Participant: 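The structure under discussion is supplied below as structure tokens; questions concerning it will follow.
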Amino acid sequence: SLPLVFAGFATCHAALITVPSASQLRYQSTDFVALIHFNIETFAHNTGCDSSNWNTLAPYATGKTRDPATFYPKKLNTTQWMESITGLGANIAVLTAKHGC
């Protein structure tokens with residue numbers, strides 16, 4: 001059995017336990033969220049966040065990152081993304097198209 005002091009501590013602090021609200025329980029039941037970061041960095045492979053990010057030529061790009069034509073994915077298949085995400089069991093996907101800079 002528990003020592004009297006510890007048992008008293010547990011009993012005293014049991015009333016302080018916070019119970020999640022209905023909306024928090026709904027949120028917590030979405031166990032798997034997919035995060036997608038898709039922006040010019042996807043193509044340029046830059047690191048950091050400075051002015052050089054917008055003047056880089058990736059080896060496979062048609063132009064520098066400051067040129068809008070560089071960010072023109074011709075074979076982009078977002079249906080495949082979602083098939084993969086739902087196949088993994090995620091029920092929410094969040095797309096971040098601009099991050100940082």
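None of these values were measured; they are calculated from a predicted model.
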Participant: Name the one of Thr78, Ile85, Thr96 that satisfies side-chain contact (heavy atoms from CB on, under 4.5 Å) with Ile36?
Facilitator: Ile85
Participant: What pair of heavy atoms forms the shortest contact from Leu76 to Phe38, and how long is it?
Facilitator: CD1-CZ, 3.8 Å
Participant: Grouping I, L, V, M, F, W and Y whenever their side-chain heavy atoms are under 4.5 Å apart, do Ile92 and Leu35 come out in a common cluster?
Facilitator: yes
Participant: Between Trp81 and Leu95, which heavy-atom pair has the shortest distance, and what is it?
Facilitator: CZ3-CD1, 4.4 Å
Participant: Who passes side-chain hydrogen bond (donor to acceptor under 3.5 Å, both in side chains) against Ser84, sequence neighbours left out?
Facilitator: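 By the side-chain hydrogen bond (donor to acceptor under 3.5 Å, both in side chains) rule, Ser84 matches Gln80.
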